[in-house]
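Since the structure is predicted, the reported quantities are computational estimates derived from the model, not experimental observations.
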Amino acid sequence: MSDRLRTVERNLAAVHDAMATAAAQAGRSPDDVRLVAVTKYVDTDVVRDLVAAGCRSLGESRPQALWEKADALADLDVEWHLVGHLQRNKVRRTLPAVQLTHSVDSTRLLQEMDREAVNLPRPANVLLEVNISGDAEKHGFAPANVREVVERAEKYPHVQVCGLMTMAHREGGAEVARRDFAALRRLRDELVDRAPPNVRLDELSMGMSNDYPQAILEGATLIRVGRALYEGVPD
């Protein structure tokens with residue numbers, strides 16, 4: 001076993017332990033939370049080690065990088081998630097490669113995904129990104145606007161809205177992050193009764209390397225972790 005694989009295995013085990021601890025504190029089962037390993041800053045050799053260590057859900061922030069890695073790793077039994085911004089001109093190539101798009105942030109993008117998903121054997125699975133922090137530099141629907149998007153989701157019959165996604169404030173630490181995650185959970189709970197048949201709202205994608213325990217405490221079902229998995233990995 002290589003030093004790199006040992007390091008990846010150790011980091012993955014530490015993340016899983018922290019996930020289990022947070023789930024227990026929240027009175028939840030660890031099985032209720034899925035880790036999406038973000039591969040943005042590592043090459044395909046490291047990703048292969050990550051898969052060998054037992055991680056099967058992989059996430060990329062940039063569509064082009066996702067295409068390249070998905071092609072290079074096509075022999076692996078994995079599922080890909082797009083967790084970063086998606087432009088409409090990249091929808092056609094991205095949709096067939098991903099199990100879930102976490103970052104749908106406009107009705108125009110929903111419309112384009114609905115058009116392209118006609119050609120897929122299944123609906124396009126998506127999460128609506130919510131700018132819960134109000135940060136002007138972040139993408140996402142304003143909380144007040146996402147309600148209307150959910151209520152009108154029947155306009156997009158080839159899209160399956162599976163839940164919501166957010167990122168916490170850049171500043172403020174764990175306390176502020178937990179507050180943001182609680183706000184997304186409350187918003188989801190408010191929207192459930194308004195949801196048409198193609199909106200499930202089962203998934204809450206929230207929490208990254210620096211705040212995923214807080215996200216789990218507030219109901220995350222998907223966490224997006226990158227840096228914590230690769231600390232100390234040899235170049």
Side-chain angles (χ1 to χ4, degrees), residues 8 11-23 26 28 30-42 46-47 50-51 53-66 69-70 73 78-86 94 97-105 125-133 135 137-141 161-170 173-174 176-185 187-188 201-231 233:
V8 170
N11 290 344
L12 180 60
V15 170
H16 280 151
D17 286 347
M19 291 171 64
T21 297
R28 306 175 63 197
D31 295 336
D32 292 340
V33 188
R34 183 154 45 120
L35 168 66
V36 177
V38 180
T39 64
K40 179 177 179 180
Y41 296 113
V42 295
V46 177
V47 179
L50 185 63
V51 175
C55 193
R56 294 288 186 271
S57 297
L58 307 176
E60 258 298 335
S61 297
R62 297 159 296 181
Q64 297 97 319
L66 188 150
K69 286 177 179 169
L73 301 169
V78 298
E79 63 177 32
W80 285 96
H81 297 233
L82 183 71
V83 300
H85 183 60
L86 177 62
T94 300
V98 297
Q99 176 68 26
L100 181 64
T101 302
H102 291 228
S103 47
V104 172
D105 58 5
N125 295 316
V126 307
L127 306 178
L128 302 180
E129 182 174 359
V130 182
N131 187 352
I132 207 76
S133 68
D135 188 334
E137 297 180 0
K138 291 178 180 174
H139 298 284
F141 295 100
V161 178
C162 302
L164 307 178
M165 181 271 250
T166 200
M167 291 182 283
H169 275 81
R170 297 177 186 274
V176 171
R178 186 167 180 181
R179 184 190 68 196
D180 288 342
F181 299 144
L184 188 75
R185 174 177 46 78
L187 176 62
R188 188 276 307 275
L201 300 180
D202 297 329
E203 304 285 4
L204 287 177
S205 172
M206 52 191 194
M208 298 188 291
S209 288
N210 59 332
D211 55 21
Y212 67 87
Q214 288 72 38
I216 293 170
L217 289 171
E218 293 299 339
T221 63
L222 295 159
I223 59 170
R224 312 177 304 274
V225 176
R227 175 178 47 79
L229 295 170
Y230 311 118
E231 290 180 353
V233 172

Which residues share a side chain to side chain donor-acceptor pair (under 3.5 Å) with [X], sequence neighbours left out:
X	value
Asp180	His169
Glu60	Thr39, Lys69
Ser57	Glu79
Thr94	Trp67

How would you list, by chain and number, every residue that makes a salt bridge (charged side-chain N to carboxylate O under 4.0 Å, His left out) with [X], sequence neighbours excluded?
X	result
Asp31	none
Arg170	Asp135, Glu137
Arg185	Glu218

Taking the side chain as everything from C-beta on, heavy atoms only, tell me whether [X] gets closer than 4.5 Å to [Y].
X	Y	answer
His102	Glu203	no
Val33	Tyr212	no
Val42	Leu229	no
Val8	Val233	yes
Val51	Arg56	yes
Leu201	Leu164	yes
Leu184	Leu204	yes
Leu35	Leu12	yes

Side chain to side chain contact (heavy atoms under 4.5 Å, CB included) partners for [X], two or more places apart:
X	result
Ser61	Val38, Lys40, Val83
Ala26	Arg28, Leu217
Ser209	Val225, Arg227, Ala228

Quick one: closest heavy-atom pair of [X] and [Y], and the distance?
X	Y	result
Ala97	Trp80	O-CB, 3.6 Å
Ala22	Pro213	CB-O, 3.7 Å
Phe141	Val104	CE1-O, 3.4 Å
Leu58	Cys55	CD2-O, 4.5 Å

Item checked: Atom pair CZ (Arg179) and CD1 (Ile132), whose distance is rounded to the nearest 0.5 Å -> 10.5 Å
Next item on the list: Mind running side-chain contact (heavy atoms from CB on, under 4.5 Å) on Leu100 and Val36 for me, showing each step along the way?
Entry: CA-CA 11 Å; Leu100 181 64; Val36 177; over 6 Å; no
Donor-acceptor pair, distance only, cut-off 3.5 Å: does the side chain of [X] make one with the backbone of [Y]?
X	Y	answer
Lys138	Ala168	yes
Thr101	Leu82	no
Arg224	Ser205	yes

Check: Among Thr166, Leu127, Asp211, which one satisfies side-chain contact (heavy atoms from CB on, under 4.5 Å) with Met206?
Finding: Thr166
Check: Excluding sequence neighbours, so at least two apart, what forms ring-ring contact (aromatic ring centres under 6.0 Å, His included) with His16?
Finding: none
Item checked: Pair Ser103, Glu129: side-chain N/O donor-acceptor within cut-off below 3.5 Å -> no
Next item on the list: Can you tell me which residue pairs pass the salt bridge (Lys or Arg N to Asp or Glu O under 4.0 Å) test with a partner in residues 14-23, sequence neighbours excluded?
Entry: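 Matches after skipping sequence neighbours: none remain.
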